[in-house]
Amino acid sequence: MTAAAAKPKHSAVSAFEGHHGRVSVGQLLKILVKEGQVAREDAERMHNNARLMRADMHALVFLAEQKLKSLLPPHRTLDLESLTEWFARHVGLPYAHIDPLRVEFAKIADVMSSSYAARFKILPLVVERDCVTIATSEPFLADWEPELRQILRKDIKRVIANPLDIDRFIVEFFNLAKSVKGASLSGTAPLQNNFEQLVELGKTGRQVDANDAHIVTIVDWLWQYAFDQRASDIHLEPRREHGIIRFRIDGVLHQVYQVPSAVMSAMISRIKLLGRMDIVEKRRPLDGRIKTRTPGGQEVEMRLSTLPTAFGEKLVMRIFDPEVLVRDLAELGFSDDDAQRWHAMTSKPNGIILVTGPTGSGKTTTLYSTLKQLATQEVNVCTVEDPIEMVEPSFNQMQVQQGIDLSFADGLRALMRQDPDIIMVGEIRDLETAEMAIQASLTGHLVLSTLHTNDAPSAITRLLDLGVPPYLLNATLLGVMAQRLVRTLCPHCKAPATVPTEQLWNDLLAPWKLPPPKEVYQAVGCLECRMTGYHGRAGIYEIMLMSEPTRALVNSSPDIEALRALGMREGMKPLRVSGAIKVSAGVTTLEEVIKVAPTTVTVGG
């Protein structure tokens, strides 16, 4: 929940002076006309239409449905959220946006009953030792306030919130609080204080049933909000006294809830059950997969992974957006030059293409998006992965199974007999896999794979360190792309920032020369981006093509600095330079680029 203090405007407050009861459409239109936001003719038309509105409809909701644009610059649409904020200023109360991830729903259920909240259309948002913050959209219906103050023996702080949000969350918060409390009471799981108790779990107490209706409600609700908040991962982490739920949004983890340990254990069992995992096995890591749908009906796939920890079983759900596969290179963050260099590699009939970067840098997304474009009806695309990230019908996908000695190298060996055109290897980890990839490329196949190195030139030394002969590397490697993900600025709230000095700019990008930007932007924070200032992520790329001069430098002990210098002379933009171009374009901030891109090494030549 975010709240903003509001100063009353006397001219507007006078429109409500002595008023008791619900706010009317006529009162609101009168103020909007006086301020010059709405034309008098439009106001009269809407006032006449208001006679037909439902008796239970809030005046703000009715006005928002008219979708009028303010006559005052910047001529924004008068939607419900902006009208609510405007209304809060005029009645002299703070405005609050209800963020379900910041409301402790277990506490609000102790303040009042759901029927009491529904009766007065009020919702507790923050419960403190001596004060309770309560949201309302009818500031002149406050008969409940003295009564509640007397019962709770606490101060009441009223805030104005979106009326539709209040109606929605009255139902959801109280139902969820009821489910957590009901699930807690339905089981008597022992407190897990150490790893020994974890091993004995199940022998010393009755667990909450994973199919309990309360647990089903909590899990469904958790997924809904993860999808709403654009989370890429959901973490369920047991602690000594309770369980913690965290979402990863735009690459950053946010703690969103705490639930009782027994409820956390039942939630994990419920999810494992849906993922067709062994719910009894809690001593070793397990993997699973679930397909579900968002509230909007879109199909979403989640990859599950469990891990035994000191206080119980930890579960991480990685959410895969199927929309990723239909994005073009520009949507992923490729510049025109990057896309051209990448296409020059992927259009070759045979050879090896490597994508490097740390875990979570978007390598798989890049490869899947590329393969999706290459996988026509005339082409046989096969993959060997550990594990299969996203199931794609146009690929033939195989998963590594170490338990039955099915490694990357074994999978590649089998794929060679399947008449493939394009092969994707999840990761080159050892010499055997590297040799099989080279063999596949030598026999006329295009092989794409990933490698864990900090930049593109380092991939060559890594393969040589694995034991790949330089002559084979020169014969097969088409190029290497290193990548990172940077958070992109929210377009709704980004603001101009101080432009870095030319000296600082040059120091950051040396030895590459790039003109300092005329304007840069900073993160601010608004409702659209959950006050983070960022919304979504984009890739920055470093693409090194294997030219003849580059191949001449590849020997048993290549000079990495010479490789890097030659690559830059041939058009390779280092990661930090690629990020700086996005800073100049107003896509991200310099802080984001510095955080994810390694420092450019100064080289001669």
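One-based numbering along the sequence shown.
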Give a yes or no on whether a salt bridge exists between Glu237 and Arg239, defined as a side-chain N under 4.0 angstrom from a carboxylate O.
-> yes
By ring-ring contact (aromatic ring centres under 6.0 Å, His included) - contacts of Trp221 (at least two apart) = Phe105, Tyr225, Tyr257
Can you name the side chain to side chain contact (heavy atoms under 4.5 Å, CB included) partners of Val280, sequence neighbours left out?
-> Asp278
Glu592: which of Arg576, Arg484, Lys582, Arg487 passes salt bridge (Lys or Arg N to Asp or Glu O under 4.0 Å) = Arg487
Could you state the interatomic distance from CG (Leu466) to CG (Leu463), rounded to the nearest 0.5 Å?
-> 6.0 Å
Have Asp220 and Gln224 got a donor and an acceptor in their side chains that come within less than 3.5 Å?
-> no
Mind checking the OG-CG spacing from Ser407 to Asp386? Nearest 0.5 Å is all I need.
-> 10.0 Å
List in chain and number order the residues that pass salt bridge (Lys or Arg N to Asp or Glu O under 4.0 Å) with Arg341, two or more places apart in sequence or in another chain; answer none if no residue qualifies.
-> none
Are Lys314 and Pro308 side-chain neighbours, meaning at least one heavy-atom pair lies under 4.5 Å?
-> no
Can you find a pair of side-chain heavy atoms, one from Pro496 and one from Glu519, that are under 4.5 Å apart?
-> yes
Heavy atoms, side chains only, cut-off 4.5 Å: are Val219 and Leu222 in contact?
-> no
Contacts of Thr359 meeting side chain to side chain contact (heavy atoms under 4.5 Å, CB included) (sequence neighbours excluded), chain-then-number -> His452
Does any donor atom in the side chain of Gln483 or Thr366 lie under 3.5 Å from an acceptor atom in the other side chain?
-> yes
Will you find, in the side chains of Trp342 and Thr370, an N or O donor that is under 3.5 Å from an N or O acceptor?
-> yes
Correct closest heavy-atom pair for Leu477 and Arg551 would be O-NH1, 3.2 Å
Pairing residues for Glu378 by the salt bridge (Lys or Arg N to Asp or Glu O under 4.0 Å) criterion, not counting sequence neighbours = none
For residues 534-565, pull every pair meeting ring-ring contact (aromatic ring centres under 6.0 Å, His included), keeping only residues two or more places apart or in separate chains.
-> Phe334-Tyr541
Determine whether Val384 and Leu415 make a side-chain contact, defined as any pair of heavy atoms from C-beta on separated by less than 4.5 Å.
-> yes
Test salt bridge (Lys or Arg N to Asp or Glu O under 4.0 Å) applied to Arg537 - qualifying residues, sequence neighbours left out | none
Contact list for residues 437-447, test side chain to side chain donor-acceptor pair (under 3.5 Å), sequence neighbours left out = Thr443-His445
With a 4.5 Å limit on heavy-atom distance, are the side chains of Thr588 and Val583 in contact?
-> yes
Under-4.0 Å salt bridge between Arg230 and Asp250 | yes
Provide the closest heavy-atom pair for Pro558 versus Leu563 in the form atom of the first, atom of the second, distance.
-> CB-CD1, 4.1 Å
Could you tell me whether the side chain of Leu489 reaches within less than 4.5 Å of the side chain of Pro491, counting heavy atoms only?
-> no
If we only count heavy atoms from C-beta on, is the Pro500 to Val520 side-chain gap below 4.5 Å?
-> yes
Quick one: side chain to side chain contact (heavy atoms under 4.5 Å, CB included) partners of Thr433, sequence neighbours excluded?
-> Phe408, Ala409, Leu412, Val425, Ile428, Asp430
NZ/NE/NH1/NH2 to OD/OE distance under 4.0 Å, Glu313 and Lys272 | yes
Where at least one partner belongs to residues 457-482, residue pairs that pass side chain to side chain donor-acceptor pair (under 3.5 Å), sequence neighbours excluded | Asp455-Ser458
Between the CD atom in Gln418 and the CG atom in Asn380, the distance rounded to the nearest 0.5 Å is 8.0 Å
Taking the side chain as every heavy atom from C-beta outward, state whether Gln340 and Asp338 have any atom pair closer than 4.5 Å.
-> no
Could you pull out all residues at least two apart from Lys348 that satisfy side-chain hydrogen bond (donor to acceptor under 3.5 Å, both in side chains)?
-> none
For Glu570, enumerate each residue passing the side chain to side chain contact (heavy atoms under 4.5 Å, CB included) test, keeping only those at least two apart in sequence or located in another chain.
-> Ser547, Pro549, Thr550, Leu566
Is any NZ, NE, NH1 or NH2 atom of the basic residue among Glu542 and Lys573 found under 4.0 Å from an Asp or Glu carboxylate oxygen of the other?
-> no
